[in-house]
Amino acid sequence: MGLAIIANIMAMALLFTSIYFLCTLFIFLFHSKPPLPPPGPPPLPLIGNLHILGKLPHRTLQSLAKTHGSIMSLKLGQVPTVVISSSQAAELIFKTHDVVFANRAKTEAYDYFSYGFKGIAFAEYGPYWRHVRKLCTSQLLSSSKVEMFGGLRKRVMGSVVKSLEKASASREIVNLSEVLHKLTEDLVFKMTFGSDSNKDDAFNYMELVQEGMALAGAFNIADYLPWLRPFDLQGLTRRLKKCRKAMDEVLEKILKEHEEAHQNQKAEKENGESFIGILLSMMDQPMDLHGHDKQHVIDRTTIKAIIVDMFGAALEANAIVLEWAFSELLRHPRVMKNVQDEIESVVGRNRMVEETDLLNFNYLDLVVKETLRLHPAGALIPRESREDIIMDGYFIEKKSIVLVNSWAIGRDPKVWSDNAETFYPERFLDNKVDVRGQHHQLIPFGSGRRRCVGMQMGLVIIKLVLAQLVHCFDWELPHGISPIDLDMTEKFGLTVPRAKQLLAIPSSRILQSSCRLVSQICYD
Ligand code: HEM
């Protein structure tokens with residue numbers, strides 16, 4: 001009996017010792033070693049990995065990901081950075097942990113241009129951003145507003161076709177890059193400030209926007225080594241302050257002109273038909289349109305910040321996608337002919353394309369998707385982590401920059417097969433992958449809470465401009481350049497445009513009289 005008790009006690013002691021040992025082992029294994037950050041190239045002291053990015057960072061990062069993986073760590077100066085290079089990893093950022101990655105890294109340039117992050121694109125995730133975003137989607141970019149600006153798009157296109165007709169008659173070489181940029185500028189300026197805007201204001205504002213874009217796209221060392229900021233080594237702070245001040249003066253002047261016109265009841269209709277008019281008509285109202293949140297009110301600064309953001313986002317992305325789409329069509333005459341044949345089968349040759357025709361252009365849809373796959377205007381989608389997180393077994397610390405390499409994801413051979421680098425719109429014939437952010441292998445407009453708010457507007461502009469210009473004209477490369485030799489090099493900045501201007505010769509292909517008739521209607 002006594003022996004049995006001793007044996008029991010010993011067995012219990014052994015059991016407790018084993019449990020204690022296992023617990024200690026468990027704690028040691030899982031708690032003493034916190035998860036590590038994702039793998040990546042070793043950083044240098046101070047500059048981190050800045051020196052390896054090169055002139056085309058989206059390409060460098062794509063090739064680094066082949067060694068280090070699709071969730072990769074970098075150090076940009078002193079800022080921890082995570083680069084995402086596969087659709088599965090993108091899904092973790094945009095869907096699984098969307099709230100954690102719903103911020104954007106702040107830069108000095110955006111601080112100046114967005115009046116201290118009061119716009120939409122760089123506002124801190126939270127109630128303010130939510131109100132501004134709702135305001136933009138419901139009041140400026142809803143389906144009915146996209147439709148409302150249809151008349152403006154028609155007028156602007158009419159004028160472009162008219163000027164290209166002249167070039168066609170004299171077999172002139174046209175700088176298509178310039179035509180597409182000017183067309184987008186005209187469209188976006190009139191959409192933002194109204195069709196009757198003062199020409200001098202337009203000119204001054206555009207000049208400043210160009211300077212602002214260059215400054216926002218410039219590599220600012222102080223964003224990565226913040227302690228250098230007071231020294232302004234690159235002179236960027238001085239230029240940013242000057243540009244912001246001048247831009248604010250032009251914006252104030254435009255605002256006052258609109259307010260006066262509104263008071264004189266001269267431009268009631270006009271005001272309602274531009275972003276600035278719509279926003280001014282809501283001045284001093286709560287941003288939360290239901291009125292639950294009285295804390296945030298639409299004031300002058302909010303209006304200016306929204307205008308600057310919307311203007312920049314719409315201008316740059318549309319022009320660049322159009323430029324790449326044209327480049328690919330010129331490089332692939334077979335695809336160009338297919339697009340022209342499709343449009344002709346719906347529209348004929350006796351009239352110009354109308355916006356209502358766009359729904360019937362299925363092949364054009366494939367061409368636009370394929371362009372956005374190979375040339376997403378924002379190659380690296382910037383986000384920032386709002387808190388420490390363990391993702392896919394890796395530790396990502398709060399305030400890490402997250403760069404989703406949508407350019408690399410669109411060219412991933414594991415998703416897009418061996419011909420991933422080839423422009424081949426037919427790949428989407430049996431593939432239901434869409435550009436709207438539901439499928440993370442194709443994310444030209446981003447995805448999740450902070451996906452692009454102007455997607456619908458952007459797609460209408462791109463499809464309409466492409467359809468009009470390839471329906472009205474045949475296009476030929478100048479100086480006997482063969483399509484396959486067309487230079488497709490890129491440059492990197494805020495977006496990834498062509499490095500060299502795109503030149504081509506137009507020749508009219510639809511009845512001159514119908515073209516002229518439409519341009520006259522548009523301009524009379
Ligand atoms: C083809 C044209 C366009 C492309 C490729 C494009 C692409 C993008 C991308 C990649 C983002 C980041 C999304 C993310 O973080 O998930 C974005 C955001 C944004 N886009 Fe666009 N965009 C286009 C047109 C437009 C237009 C026409 C407008 C406005 C009129 C616009 C306004 C914005 C704004 C305001 C944001 C910031 C949204 C936020 O942070 O909440 N975009 N766009």
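Counting starts at 1 for both ligands and their atoms, in listed order. For this chain, numbers begin at 1 and follow the sequence in order.
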Open item on the list: Taking Asp288 first and then Lys134, would you say they form a salt bridge - that is, a charged N and a carboxylate O separated by under 4.0 Å?
Closed with: no
- [ ] Output yes when Lys190 and Asp186 qualify as a salt bridge under the 4.0 Å nitrogen-oxygen rule, no when they do not.
- [x]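 Asp186 and Lys190: salt-bridged.
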Among all protein heavy atoms in this structure, tell me which lies nearest to [atom], with the distance rounded to 0.1 Å.
{"atom": "atom 14 (C) of ligand 1", "value": "Arg450 O, 3.1 Å"}
{"atom": "atom 38 (C) of ligand 1", "value": "Arg133 NH1, 3.6 Å"}
{"atom": "atom 10 (C) of ligand 1", "value": "Pro444 O, 3.2 Å"}
{"atom": "atom 16 (O) of ligand 1", "value": "Arg383 NH2, 2.7 Å"}
{"atom": "atom 1 (C) of ligand 1", "value": "Ile462 CD1, 3.3 Å"}
{"atom": "atom 12 (C) of ligand 1", "value": "Arg104 NH2, 3.8 Å"}

Is a side-chain N or O of [X] found less than 3.5 angstrom from the main chain of [Y], in a donor-acceptor match?
{"X": "Gln340", "Y": "Val470", "value": "yes"}
{"X": "Arg386", "Y": "Val99", "value": "yes"}
{"X": "Ser70", "Y": "Ser85", "value": "no"}
{"X": "Trp475", "Y": "Leu469", "value": "yes"}

Open item on the list: Among Lys500, Gln501, Lys182, Glu323, exactly one meets side-chain hydrogen bond (donor to acceptor under 3.5 Å, both in side chains) together with Ser177. Which residue is that?
Closed with: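 Single side-chain hydrogen bond (donor to acceptor under 3.5 Å, both in side chains) partner of Ser177 among Lys500, Gln501, Lys182, Glu323: Glu323.
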Atoms of ligand 1 less than 4.0 Å from [X] heavy atoms?
{"X": "Leu141", "result": "30 (C)"}
{"X": "Trp129", "result": "39 (C), 41 (O)"}
{"X": "Ala121", "result": "37 (C), 40 (O)"}
{"X": "Ser447", "result": "16 (O)"}

Open item on the list: So, at under 2.8 Å, which protein N, O or S atoms would a careful student list around atom 21 (Fe) of ligand 1?
Closed with: Cys452 SG
Answer with yes or no whether the side chains of [Y] and [X] bring together a donor and an acceptor at under 3.5 Å.
{"X": "Ser327", "Y": "Arg498", "value": "yes"}
{"X": "Arg104", "Y": "Tyr110", "value": "no"}
{"X": "Tyr363", "Y": "Asn338", "value": "yes"}

Task: Heavy atoms of other groups near Gln78 CD, more than 12 under 6.0 Å - done: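 Yes, because the 6.0 Å sphere around CD of Gln78 holds more than 12 heavy atoms from other groups.
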- [ ] May I ask whether Phe122 places a heavy atom under 4.0 Å from ligand 1?
- [x]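 No, Phe122 has no heavy atoms under 4.0 Å from ligand 1.
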Open item on the list: Arg449 versus ligand 1: do any nitrogen or oxygen atoms come within less than 3.5 Å of each other?
Closed with: no
- [ ] Would you check the N or O atoms of Asn318, main chain and side chain alike, for any that come under 3.5 Å of an N or O of ligand 1?
- [x]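 Between Asn318 and ligand 1 (N or O atoms, distance only) the closest approach is not under 3.5 Å.
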What part of [X], side chain, backbone, both or neither, has a heavy atom within less than 4.0 angstrom of ligand 1?
{"X": "Pro376", "answer": "neither"}
{"X": "Leu459", "answer": "neither"}
{"X": "Ile381", "answer": "side chain"}
{"X": "Val188", "answer": "neither"}

TODO: Please name the residue in the list Lys463, Lys154, Arg153 that meets the salt bridge (charged side-chain N to carboxylate O under 4.0 Å, His left out) test with Glu355.
DONE: Arg153
Open item on the list: Measuring only between side-chain heavy atoms, which start at C-beta, is Phe428 closer than 4.5 Å to Val368?
Closed with: no
Open item on the list: Suppose we call two aromatic rings close when their centres sit under 6.0 Å apart. Are Phe219 and Phe492 close by that rule?
Closed with: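 Between Phe219 and Phe492, the centre distance exceeds or equals 6.0 Å.
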